[in-house]
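Notes to accompany the following structure.
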Number of protein chains: 2
Amino acid sequence: MSANSRLTIAAHALAWIGLYQRQGHEVATSEQIATSANTNPVVIRRLLGELRRAGLVESRRGVGAGWSLARELESMTLLDVYEAVEPGPLFAMHRTTPDQECVVGHGIQPTMQRIYEGIEQTLRHELAGVTLENVLQDVLATPR
Amino acid sequence: MSANSRLTIAAHALAWIGLYQRQGHEVATSEQIATSANTNPVVIRRLLGELRRAGLVESRRGVGAGWSLARELESMTLLDVYEAVEPGPLFAMHRTTPDQECVVGHGIQPTMQRIYEGIEQTLRHELAGVTLENVLQDVLATPR
DNA sequence: CCAGTCGTAACAGTTATTGTTGCAACAGAC
DNA sequence: GTCTGTTGCAACAATAACTGTTACGACTGG
């Protein structure tokens with residue numbers, strides 16, 4: 001599985017913005033978040049753009065521009081973030097259609113499809129059980 | 001998520017060998033399996049090689065060579081297959097270490113790590129609940 | 001010795017992710 | 001009205017993983 005870090009970075013960004021706003025600031029810049037995540041501001045803007053499309057954050061342009069939360073961290077779950085930044089399914093089918101003349105080739109795809117759907121459903125349920133507020137609290141509780 | 005088809009193809013191969021053996025044959029060739037899965041025999045041999053390392057199948061060389069199950073399909077679960085063919089974790093951390101001077105940068109990795117471990121544990125449990133015999137029966141029950 | 005199959009290395013094509021540069025668009029400050 | 005700092009976005013390179021393919025040595029029953 002060639003795992004990516006999109007969910008991790010997106011959660012990082014949201015926790016960062018949330019904490020920054022609680023410290024009295026209105027907006028956070030992609031530059032600041034990128035420094036914390038040790039990556040490029042464009043990477044952050046790309047991810048936050050997807051979170052904006054999902055209604056999780058808002059952006060302002062012009063001078064004093066930046067990003068702010070569109071709702072409270074308590075009302076955002078990792079499932080919201082996952083759905084915003086992870087398009088595809090967890091497991092893929094065959095890249096070419098298996099031999100439909102063969103009993104196994106014919107039945108394998110519907111069978112695996114059903115199994116995978118059940119697993120993704122469980123994954124979603126799991127992700128829905130963690131709010132970004134949970135994440136931030138856990139982060140703040142990490143011993144120095 | 002750049003999903004791959006390794007678990008799907010591996011399950012396909014195991015179901016195929018299992019059915020073929022029930023039809024009275026001793027061994028299946030990578031060529032036969034590849035025809036059913038509509039792929040290249042080397043792809044099958046690579047995957048079956050990993051399954052052999054995990055103790056799920058055996059191979060014979062020489063004339064009349066091929067692959068056979070090392071245990072009954074009833075005793076093999078998708079978790080066994082998953083662990084044999086999927087090395088990495090589901091979600092990745094940051095590719096570079098986040099800023100340890102930042103509260104969020106410092107706490108985010110242990111936090112996400114814990115969350116991801118819980119999710120993978122659930123995934124394993126789910127996969128462990130499906131045997132390859134379940135898969136084969138479901139395949140055979142697929143309407144033509 | 002022969003034939004058929006595995007075992008494995010090597011390489012190409014494709015795709016996704018991440019990082020990077022560059023620049024237009026925008027909006028507040030002066 | 002211009003300046004300034006930021007977003008929005010396109011384009012591209014580097015890297016990595018997966019899949020498919022070719023090639024050929026190793027093995028073993030006949």
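A close approach under 4.0 Å does not occur between any side-chain nitrogen or oxygen of Ser59(A) and OP1 or OP2 of dT7(D). Remark: Thr39(A) is in phosphate contact with dG19(C), judged by side-chain N or O atoms under 4.0 Å from OP1 or OP2. Between Thr29(B) and dG4(C), a side-chain N or O to OP1/OP2 separation shorter than 4.0 Å is absent. Between Ser30(B) and dT5(C), a side-chain N or O to OP1/OP2 separation shorter than 4.0 Å is absent.
The residue among Trp67(B) and Thr96(B) whose nearest nucleotide of DNA chain C is located toward the 5' end is Trp67(B). Projected onto DNA chain C by closest heavy-atom contact, Pro41(B) and Asn38(A) fall at different nucleotides, the more 5' of which corresponds to Pro41(B). Along DNA chain D, the nucleotide nearest Arg95(B) and the nucleotide nearest Met93(A) are compared for position; the residue whose nucleotide lies closer to the 5' end is Arg95(B).
Checked against dT5(C), dG7(C), dT17(C), the side chain of Arg61(B) finds its nearest nucleotide in dG7(C). If you check dT6(D), dG5(D), dG8(D) against the side chain of Val63(A), the one that comes closest is dG5(D). In the set dG20(D), dT5(C), dT17(C), the nucleotide with an atom closest to the side chain of Asn40(B) is dG20(D). You'll find that the side chain of Val42(A) is closest to dT21(C), out of dT21(C), dC6(C), dG8(D).
Distance CD (Glu58(B)) to C1' (dG7(C)): 17 Å, rounded to an integer number of Å. Rounding to whole angstrom units, CD of residue Gln32(A) and C1' of dT7(D) are separated by 14 Å. Atom CG in Leu51(A) sits roughly 15 Å away from atom C1' in dT7(D) (whole-Å rounding). Between the CZ atom of Arg45(A) and the P atom of dA10(D) there is a distance of 13 Å, given to the nearest Å. Summarising the geometry, the separation between CG on Leu47(B) and P on dC18(D) is reported as 10 Å, rounded to the nearest angstrom. Across the protein-nucleic acid pair, Phe91(B) atom CZ and dT18(C) atom C1' stand 18 Å apart, rounded to whole Å. Look at CD1 on Ile44(A): it is 13 Å from P on dG8(D), rounded to the nearest Å. Residue Glu31(B) contributes atom CD, which lies 12 Å from atom C1' of dC6(C) at whole-angstrom precision.
Formation of a donor-acceptor pair under 3.5 Å by the Asn38(A) side chain with backbone atoms of Thr97(B) is found in this model. Using modelled atom types, no side-chain atom of Arg52(A) and backbone atom of Glu58(A) make a donor-acceptor pair closer than 3.5 Å.
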Side chains of residues 13-21 of chain A: which donor-acceptor pairs under 3.5 Å do they make with residues two or more places apart or in other chains?
residue, atom, partner, partner atom, Å
Tyr20(A), OH, Gln32(A), NE2, 3.0
Gln21(A), NE2, Glu26(A), O, 2.8

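For the atom pair CD (Glu101(B)) and OG (Ser36(A)), the distance works out to 11.0 Å, reported to the nearest 0.5 Å.
The residue Gly66(B) sits close only to the backbone: its heavy atoms come under 4.0 Å of sugar-phosphate atoms, none of a base.
Side-chain atoms of Arg46(A) come within donor-acceptor range of the base of dG19(C), with a qualifying N/O pair under 3.5 Å.
Val85(B) and Glu50(B) make their closest contact through CA-OE1, 3.6 Å (heavy atoms, listed as atom of the first residue, atom of the second, distance). For the residue pair Ala37(A) and His12(A), the shortest heavy atom distance occurs at CA-CE1, 3.6 Å.
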